[in-house]
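Hydrogens, waters and symmetry mates are skipped; everything else that's a heavy atom, side chains included, is used.
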Amino acid sequence: MVLKLYNTLTREKEDFSPIDPANVRMYVCGPTVYDFAHIGNARPVIVFDLLFRLLRHLYGTNAVTYVRNITDVDDKINARAARDFPGLPLNDAIRQVTSATEAQFQADVAALGTLAPTVQPRATEHIAEMIAIIERLIASGHAYAAEGHVLFDVPSMADYGRLSRRPLDDMIAGARVDVAPYKRGEMDFVLWKPSTENEPGWESPWGRGRPGWHLECSAMSWKHLGETFDIHGGGIDLVFPHHENEVAQSRCAFGHDVMANVWMHNGFLQVEGEKMSKSLGNFLTINQLLADWPGEVLRFTMMKTHYRQPIDWTVKSLEESWKTLDDWYWFAGDVPGTRPAKAVVEALCDDLSTPKAIAELHALRNAAQRTGGEGARDALAGSLRFLGFFADTGEAWAARRKSAVEVDVAAVEALIADRLAARQARNWAESDRIRDQLTAMGLVIKDAKDPATGEMKTTWEPAR
RNA sequence: GGCCUCGUGGCGGAGUGGUUACGCAGCGGACUGCAAAUCCGUGUACUCCGGUUCGAGUCCGGACGAGGCCUCCA
């Protein structure tokens, strides 16, 4: 089975061929830990989790190294620490912010059904590698020190701008940034900058300071994946400048034509047709959403749209997702399948076409219905587990809706018992009255005969 | 202003030049005391204007519309 991936570097879908099939290497830009992760942050997490699962399936569970970093040095973190912990020394305050935020992030993404990456390195634990890269860049003439800063000399790199397809001349012409006096070129960017007493800093050959904005990913990918590797992923907004500058740093430091062979970028997310922003009041954190929706519903909603397309995140879509998962759990939640259907894997091999994979799941569901065979049902369950679903039993899943509403369960059960008695007495007026009463409570009831005993049983759940 | 995506049925969302995507909703039927759930069946589309072609949702050009990046945002 051939895996095809769209490569931002070439703007084409290409056959994937790993440098070393025994160790497929992928790096994905992770969160900056200063605040709750929002649903937009969840998109690359889910997308590249799927790719991780697919690569493990194709090359072997232990043949894939997936690195997703934690950015724990950033001026936004410093600001948040000063705001939230004014009484603490800055370093302690920063530690409070980063450790609490990271713990929240890990809990959030675990609830989304993602596997833990192989390595989750922290920027602050790779300062030595960053300094080593800067020293290489200075030695090779691609960086220079000025006024306590070290800057990358953009014009020294002949094909700077290849990833984002931005010719240097155009960028300079359209530049809207203030040019700092210590910069030689307008587009030069910071590798190292000085820290004041009140800012976090590390000793370096250029004085006490902290790393620039793009250096950490070059350092961490180098440390954990080597000078070149297979796949680099992130949100499409990172193409420029973040990834472009990462490429520049890594390639010029190590002297390779490429940093990663394949660059993958997920599209953006809108909320109810509008850009998500705090000022519009439609800023959705993963954590908030998890209060109302199972993590698998969020995951499935994300998968309904191909990763490169923009996605419109709506309540309607979430409700539809929940309904679909209800059906699948009801239909196959407790069958033991663990292997994915070939058609589902093939769909993902087509540049991670999750919409096509979902269509295949529906096909399996329909085939199992029509033939009554256990094969398709097993394949449905196995495929869903492969894709990160069916972590619950069917019963536990069904209970989620009930726990989402506040009702007096004992009272509901009593009403249902009364209704059953009325029905057995063929007192339809009374049984309908009780049903209306339950409906008014926001509940729906379902009558079903136990196929074994023929006994009538009634179940309930919140109305959708 | 520069660069880059994208415009498919009521909604979501696939479609690599040539027979049905699929799902949800809707509608019809079965089942049910009536419902719900379930099962069976089913209609509706390719933004507009040109061009290439025997044939275009699919390729080319243009118009209009939407979104993104160029500001340490996934």
Legend entry - Separation between the P atoms of B:C27 and B:C48, rounded to whole Å: 29 Å

Inset, instruction - Ignoring backbone atoms, establish whether A:Arg210 has a side-chain N or O less than 4.0 Å from OP1 or OP2 of B:C72. - result: no

Inset, instruction - Answer with base, sugar-phosphate or nothing: what part of the nucleic acid does A:Gly40 contact at a heavy-atom distance below 4.0 Å? - result: base

Inset, instruction - Considering only atom C1', compute the distance from B:U47 to B:C64 and round it to an integer number of Å. - result: 8 Å

Inset, instruction - Say whether A:Gln120 and A:Tyr66, considering side chains only, have a donor N or O and an acceptor N or O under 3.5 Å apart. - result: no

Legend entry - P atoms of B:G43 and B:G28, separation to the nearest Å: 15 Å

Legend entry - Watson-Crick or G-U stems of RNA chain B, 3 or more pairs, under 3.5 Å, by first number: B:1-7 with B:64-70, B:10-12 with B:22-24, B:26-30 with B:38-42, B:47-51 with B:59-63

Legend entry - Contact under 4.0 Å: A:Gln369 side-chain N or O vs B:C39 OP1/OP2: yes

Inset, instruction - Using the C1' atoms only, state how far B:G7 lies from B:C39, rounded to an integer number of Å. - result: 38 Å

Legend entry - Phosphate OP1/OP2 of B:G13: any A:Thr305 side-chain N/O under 4.0 Å: yes

Legend entry - side-chain contact (heavy atoms from CB on, under 4.5 Å) partner of A:Met302, chosen from A:Leu112, A:Val47, A:Leu269: A:Leu269

Enumerate all atom pairs, one protein N or O and one N or O from nucleotides 6-8 of chain B, separated by less than 3.5 Å.
none

Inset, instruction - Take atom P in B:G23 and the same atom in B:U52, then report the distance between them in whole Å. - result: 39 Å

Legend entry - Sequence-aligned protein contact record of nucleotides 21-36 of chain B, with B where the base is within under 4.0 Å of a protein heavy atom and S where only the sugar-phosphate is: BSBSS-------BBBB

Legend entry - Between B:U38 and B:C24 - P atom distance, rounded Å: 9 Å

Inset, instruction - Could you measure between the two C1' atoms, the one in B:G61 and the one in B:C73, and give it in whole Å? - result: 36 Å

